[in-house]
Chemist: 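Take a look at the following structure, please.
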Amino acid sequence: MSRALVLSGGGPVGIGWESGIVAALADAGIAVSEADLFVGTSAGSVVGAQLALGRKPRDEMDRIVETRPDSTHAASLGENMQRLMTLMMSSDEMDPQERLRAFGELSLEATTAPEESFFRRFEHLSTEGWPPHFVCTAIDTADGTFTVWDEASGVDPAHAVASSCAVPGVFPPITINGRRYMDGGMRSITNADLAAGHDRVVIVTLFEPTPEMDDPRTVRMRKVHDAEIEAIASKGGRSLVIAPDAEVQAVIGLNLMDPSRAGAAADAGFEQGRRLAERVADFWDVQ
């Protein structure tokens with residue numbers, strides 16, 4: 001019985017919420033840290049790498065989540081966020097590769113904090129080599145190529161995770177082998193299809209689209225989500241999706257990029273994890 005844990009994007013708030021979820025599951029004796037595969041995208045790449053290294057993501061959250069305001073680039077951040085949101089809302093009918101190239105252009109053009117200062121948040125992830133059974137996702141800003149970093153890539157974990165977290169317009173693209181990479185969440189918030197081939201797949205995601213959501217962006221995300229679930233099922237796997245419930249939503253709000261909410265999100269995630277522990281154990285611990 002092979003098991004995979006998929007952790008979605010979701011900004012600093014997502015890091016907090018996911019850290020709380022996995023902490024509660026671990027406290028309940030559910031060995032999510034023993035997954036045969038960890039798939040991390042953006043925020044999930046941080047939590048996934050820490051889990052794969054045998055660390056406790058909730059204890060290390062403050063090392064990644066930056067709460068100090070960067071006044072030097074604050075003026076451009078609002079404009080960049082507006083450009084990002086406009087592109088996200090207007091690009092749903094684009095060819096997927098064209099859409100990723102458009103995000104890449106934004107990532108390269110936007111004025112953000114220096115790459116070096118952003119990268120320093122992740123340096124401690126490279127002290128023990130590549131995390132076992134871990135992959136994370138990024139996008140080449142030049143041509144929109146989807147990239148999966150794994151041990152065979154020969155990239156150090158800090159650069160790989162930083163690139164997966166590089167939200168276009170918010171954080172700088174990360175230079176790896178002469179190319180620049182941005183957030184893998186621009187393809188999919190979970191990239192859960194990478195877990196196809198495993199028997200049990202737990203997908204921890206900040207967003208689970210429902211049929212009553214009918215705006216174009218949500219429709220596109222639902223199609224991607226459904227296709228990924230089907231990819232897992234087509235190879236004989238079963239999926240369990242964990243998304244914020246109403247109690248968590250009331251805590252985390254809509255702005256997932258607000259680092260000041262990460263602590264509260266972690267607490268809410270821990271409580272939700274406790275509520276879900278029995279259900280997850282029944283799914284995860286099948287022999």
Side-chain angles (χ1 to χ4, degrees), residues 1-11 14-15 17-18 21-22 32 35-49 51-52 88 91-100 103 133-140 144-150 160-161 163-165 167 181-245 256 276 279-280 283-284 286:
M1 178 69 67
S2 62
R3 300 172 296 186
L5 179 65
V6 176
L7 296 151
S8 83
I15 291 175
W17 175 70
E18 292 176 5
I21 287 283
V22 298
V32 291
D36 299 288
L37 176 69
F38 300 90
V39 178
T41 293
S42 199
S45 71
V46 173
V47 178
L51 276 177
M88 291 180 75
S91 62
D92 292 299
E93 301 304 319
M94 285 184 180
D95 171 82
Q97 201 68 15
E98 179 186 0
R99 186 173 184 272
L100 291 177
F103 283 120
H133 313 297
F134 170 72
V135 302
C136 65
T137 65
I139 306 292
D140 190 320
T145 299
F146 178 59
T147 302
V148 180
W149 302 121
D150 59 15
V161 172
S163 72
S164 190
C165 292
V167 181
Y181 294 87
M182 64 180 177
D183 191 336
M186 297 300 102
R187 174 190 185 252
S188 159
I189 192 172
T190 60
N191 295 295
D193 52 320
L194 297 179
H198 291 270
D199 300 303
R200 293 285 189 275
V201 181
V202 171
I203 303 170
V204 182
T205 176
L206 267 289
F207 185 76
E208 182 182 17
T210 57
E212 62 269 17
M213 300 176 178
D214 58 1
D215 64 275
R217 182 187 174 203
T218 304
V219 170
R220 186 192 69 80
M221 293 180 73
R222 184 165 61 245
K223 288 180 179 178
V224 172
H225 172 86
D226 291 348
E228 291 176 353
I229 297 296
E230 176 55 33
I232 294 167
S234 70
K235 293 193 175 181
R238 293 178 56 195
S239 303
L240 174 65
V241 178
I242 298 175
D245 58 19
L256 301 180
L276 292 173
R279 179 185 174 199
V280 176
F283 180 83
W284 187 259
V286 175

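These numbers come from a predicted model, not from an experiment.
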Chemist: Is there a side-chain contact between Ile21 and Ile242 in this structure, where contact means two heavy atoms from C-beta onward sitting under 4.5 Å apart?
Modeler: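 Sidechains of Ile242 and Ile21: in contact.
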
Chemist: Test Phe207 against His225 for side-chain contact (heavy atoms from CB on, under 4.5 Å), laying out the working first.
Modeler: CA-CA 10 Å; Phe207 185 76; His225 172 86; over 6 Å; no

Chemist: Going by heavy atoms in the side chains, are His198 and Asp36 under 4.5 Å from each other?
Modeler: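 Yes. Closest side-chain heavy atoms under 4.5 Å.
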
Chemist: If every non-hydrogen atom of Glu18 is compared with every non-hydrogen atom of Gly44, which pair is closest and at what distance?
Modeler: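 Taking every non-hydrogen atom into account, OE1-CA, 3.3 Å.
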
Chemist: Which atom pair, heavy atoms only, marks the closest approach of Ser188 to Glu228?
Modeler: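 For Ser188 and Glu228, the tightest heavy-atom pair comes out as OG-OE2, 2.7 Å.
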
Chemist: Just by distance, do the side chain of Asp226 and the backbone of Lys223 share a donor-acceptor pair under 3.5 Å?
Modeler: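 Here the side-chain-to-backbone pair does not exist.
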
Chemist: How about Arg187 and Pro96: do any of their side-chain heavy atoms sit closer than 4.5 Å?
Modeler: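 The answer is no; the side chains never approach within 4.5 Å.
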
Chemist: Looking only at heavy atoms, what is the nearest atom pair of Ser42 and Gly9, with distance?
Modeler: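 In terms of heavy atoms, the two residues are closest at CB-CA, 3.7 Å.
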
Chemist: How long is the straight-line distance from CZ of Phe38 back to CG of Leu194, given to the nearest 0.5 Å?
Modeler: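 One finds 15.0 Å between CG of Leu194 and CZ of Phe38.
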
Chemist: So which heavy atom on Ser8 is nearest to which on Thr205, and how close?
Modeler: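 Minimum heavy-atom contact is OG-CA, 3.3 Å.
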
Chemist: Taking all heavy atoms of Gly197 and all of Ser2, pick out the closest pair and write down the distance.
Modeler: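 Looks like O-OG, 4.0 Å.
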
Chemist: Any side-chain heavy-atom pair from Leu206 and Pro244 closer than 4.5 angstrom?
Modeler: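 Leu206 vs Pro244: side chains touch.
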
Chemist: How many angstroms lie between atom CG of Leu51 and atom NE2 of His133, to the nearest 0.5 angstrom?
Modeler: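 One finds 13.0 Å between CG of Leu51 and NE2 of His133.
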
Chemist: How long is the span from the OG1 atom in Thr145 to the CG atom in Leu100, to the nearest 0.5 Å?
Modeler: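 Separation between the atoms: 9.0 Å.
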
Chemist: Any side-chain heavy-atom pair from Asp183 and Thr41 closer than 4.5 angstrom?
Modeler: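 Yes, their side chains come closer than 4.5 Å.
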
Chemist: If I take atom CG from residue Asp245 and atom CD from residue Glu208, how far apart are they, to the nearest 0.5 angstrom?
Modeler: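 Output value for this atom pair is 11.5 Å.
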
Chemist: I would like to know whether Val204 and Trp17 meet side-chain contact (heavy atoms from CB on, under 4.5 Å); could you show each step before the answer?
Modeler: CA-CA 10 Å; Val204 182; Trp17 175 70; 3.5 Å; yes

Chemist: Which heavy-atom pair separates Ala231 from Asp193 by the least distance, and what is that distance?
Modeler: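 So the minimum-distance heavy-atom pair works out to CB-CB, 4.0 Å.
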
Chemist: Any side-chain heavy atom of Phe283 within less than 4.5 Å of one from Leu276?
Modeler: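 A side-chain contact is absent here, since even the closest heavy-atom pair is not under 4.5 Å.
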
Chemist: Do Ile139 and Phe103 come within less than 4.5 Å of each other through their side chains, counting heavy atoms only?
Modeler: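 Sidechains of Phe103 and Ile139: no contact.
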
Chemist: When Ile203 is tested against each of Ile232, Val39, Ile189 for side-chain contact (heavy atoms from CB on, under 4.5 Å), which residue passes?
Modeler: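 That would be Ile232; it is the only one of Ile232, Val39, Ile189 passing the side-chain contact (heavy atoms from CB on, under 4.5 Å) with Ile203.
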
Chemist: May I ask you to decide if Trp284's main-chain N or O and Arg3's side chain share a donor-acceptor pair within less than 3.5 Å?
Modeler: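 Side chain of Arg3 to backbone of Trp284, a donor-acceptor pair under 3.5 Å: yes, one is there.
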
Chemist: Do Ser164 side-chain atoms and Ala138 backbone N/O form a donor-acceptor pair below 3.5 Å?
Modeler: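 Not at all, since once roles are kept as given, no pair shorter than 3.5 Å links the two residues.
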
Chemist: What I'd like to find out is whether the side chain of Arg279 reaches to under 4.5 Å of the side chain of Leu240, using heavy atoms alone.
Modeler: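 Yes, close enough: below the 4.5 Å cut-off.
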
Chemist: For the atom pair OH (Tyr181) and OG1 (Thr137), what is the distance rounded to the nearest 0.5 Å?
Modeler: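 So the gap between those two atoms works out to 13.0 Å.
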
Chemist: As an exercise, state the distance from CE of Met221 to CE of Met88, rounded to the nearest 0.5 Å.
Modeler: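 Those atoms lie 7.0 Å apart.
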
